[in-house]
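Reading through the structure tokens given below for one structure.
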There are 2 protein chains.
Amino acid sequence: MKRNSRLSLALHTLSHMAGDPDRVRTSADIADHARTNPVVVRRVLGKLREAGLLTSEKGHAGGWKLSVPADDISLADVYLALDERLVSGASQDDEPSDCSVETGLQARVAVVLDEIEENLVERLRETSITDVHPKTCSYCESQATQ
Amino acid sequence: MKRNSRLSLALHTLSHMAGDPDRVRTSADIADHARTNPVVVRRVLGKLREAGLLTSEKGHAGGWKLSVPADDISLADVYLALDERLVSGASQDDEPSDCSVETGLQARVAVVLDEIEENLVERLRETSITDVHPKTCSYCESQATQ
DNA sequence: ACAAATACAACTGAAATTGTTACGTATGTC
DNA sequence: GACATACGTAACAATTTCAGTTGTATTTGT
């Protein structure tokens, strides 16, 4: 996997879950399918659980499943759950510059970026997991009877 | 400097140039002021030059200056010149997955992100370098007579 | 000729992120 | 109750990314 794989992994997994909401999946299964590691899966899905999007059960027959209908999960929910903040928060928490241009500029740029970030989330909220899930999903069909 | 410092460095430098457009600055001067390295400055400003925002002259008395009025430079121009692409291009150029959900999903997510990216650029285009430049800039005043 | 500046390539180093291992804890089955 | 299974978490290793650095070539004005 590569850069920003958390969002990818989260969406991929949620998309599969949307296709078969009652099936409980282990982090090992998910990791195997997404070609990554169970611990990585738990790290990412753990964030989604904190946000109330899915639940995990320990022990035998435990695993992960959606805790709300996939229709109710927007891309914004996933994005915010992962603390992504693509836009703003970029050039922050630096040592305070002794250049008045720099500090004044940073403040103004921060305002602009914050507005854009808000708008990003607004638009992500308009798309749900089911919206980005393929209509004809051979994987779901093959797994549906399991 | 830190993450996404290229945009910071670019805006900081352009902002200074906006305050005294005819002054030619060397990458060493700029690096010194921005507490970074001349080569780093050239890397970043080189991108802005490719985009036509400023020019560089080699040799004695060479250096960098704006090639267009600062009013005509929007944040979008800078953002695009640096190939930032904060939003989309995030989970791309991975090895093609053998999972039909993954490929289908990626395509759909890409559409959404591209739309959001377009909107981001639109909004960045509404703000110019002079807009984010502090109105009362002690640095500009002190340098104005040089 | 010389000095000053960009252009560029190659390498180094630090920070962030992912991947891995290991161990603790919880839960269902026998 | 013993055991297998699965999550939770911490600690560490490997990888990636990007700023930083060094060195050399080239251009340009004095």
Side-chain angles (χ1 to χ4, degrees), chain A residues 1-10 12-13 17 23-51 53-67 82-86 89-95 97, chain B residues 1-13 17 23-51 53-67 82-86 89-95:
Chain A
M1 306 203 94
K2 281 188 178 177
R3 187 161 162 271
N4 245 19
S5 55
R6 289 199 306 277
L7 187 59
S8 260
L9 174 58
H12 186 183
T13 305
M17 288 175 162
R23 180 176 170 201
V24 174
R25 295 150 209 263
T26 68
S27 55
D29 285 345
I30 296 167
D32 195 53
H33 182 74
R35 304 186 179 228
T36 182
N37 194 283
V39 178
V40 175
V41 171
R42 281 178 225 145
R43 279 207 280 249
V44 171
L45 298 194
K47 291 277 191 182
L48 302 184
R49 183 192 50 215
E50 286 172 26
L53 303 184
L54 38 77
T55 57
S56 65
E57 294 295 333
K58 288 184 177 178
H60 203 119
W64 302 79
K65 56 174 285 199
L66 294 180
S67 62
L82 296 179
D83 297 320
E84 288 283 300
R85 313 231 65 194
L86 287 184
S91 53
Q92 249 83 326
D93 57 65
D94 232 332
E95 59 182 17
S97 172
Chain B
M1 305 201 97
K2 279 187 180 178
R3 185 164 165 269
N4 244 22
S5 57
R6 290 200 306 277
L7 188 59
S8 261
L9 174 59
L11 292 177
H12 185 182
T13 305
M17 288 176 163
R23 180 176 169 201
V24 174
R25 295 151 207 263
T26 68
S27 55
D29 286 344
I30 297 167
D32 195 53
H33 181 73
R35 304 185 181 231
T36 181
N37 193 283
V39 178
V40 175
V41 171
R42 280 178 223 141
R43 278 209 279 249
V44 172
L45 298 194
K47 292 277 192 183
L48 302 184
R49 183 192 50 212
E50 285 172 26
L53 304 183
L54 39 76
T55 57
S56 65
E57 294 294 333
K58 290 182 177 178
H60 202 119
W64 302 80
K65 57 174 286 197
L66 294 180
S67 61
L82 296 179
D83 297 321
E84 290 283 299
R85 314 231 63 194
L86 288 184
S91 53
Q92 247 85 325
D93 58 65
D94 233 331
E95 57 183 22

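FYI, side chains are in, hydrogens and waters are out, and symmetry mates aren't considered; it's all heavy atoms of this structure. Labels below follow one simple rule: chain letters A, B, ... track the order of the sequence lines, proteins then strands, and each chain is numbered from 1.
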Atom pair distance, as rounded to whole Å: NZ in A:Lys65 and C1' in D:dA6: 16 Å
Flag side-chain contact, heavy atom, 4.5 Å: B:Leu9 against B:Val40: yes
Distance-only donor-acceptor test, A:Arg43 side-chain atoms vs C:dG19 base atoms, 3.5 Å: yes
Side-chain N or O of A:Ser27 closer than 4.0 Å to phosphate OP1/OP2 of D:dC7: yes
C:dT6 phosphate, OP1 or OP2, under 4.0 Å from B:Arg42 side-chain N/O: yes
Test item: A:Ser67 side-chain N/O and A:Leu53 main-chain N/O as donor-acceptor pair under 3.5 Å: yes
5'-most by nearest nucleotide on DNA chain C - A:Val39 or A:Ala61: A:Val39
Protein-nucleotide distance (A:Ile30, atom CD1; D:dA6, atom P), rounded to Å: 12 Å
Nearest-Å distance for atom pair NE2/P, residues A:His60 and C:dC30: 8 Å
Short side-chain N/O contact to C:dG19 OP1/OP2 from A:Thr36, under 4.0 Å: yes
Euclidean distance, atom CG of residue B:Leu9 to atom C1' of D:dG20 [Å, nearest integer]: 13 Å
Whole-Å distance separating the CG atom of A:Asp32 from the P atom of D:dA6: 13 Å
Distance in angstrom units between A:Asn37 CG and D:dC12 P, rounded: 18 Å
Nearest heavy atoms of B:Lys47 and B:Leu82, plus distance in Å: CB-CD2, 3.9 Å
N or O in side chain of A:Ser56 less than 4.0 angstrom from D:dC7 OP1/OP2: no
Gap between atom NZ of B:Lys65 and atom CG of B:Leu45 - 0.5 Å precision: 14.5 Å
Proximity to the side chain of B:Thr26 - top-ranked nucleotide from C:dG28, C:dT6, D:dC7: C:dT6
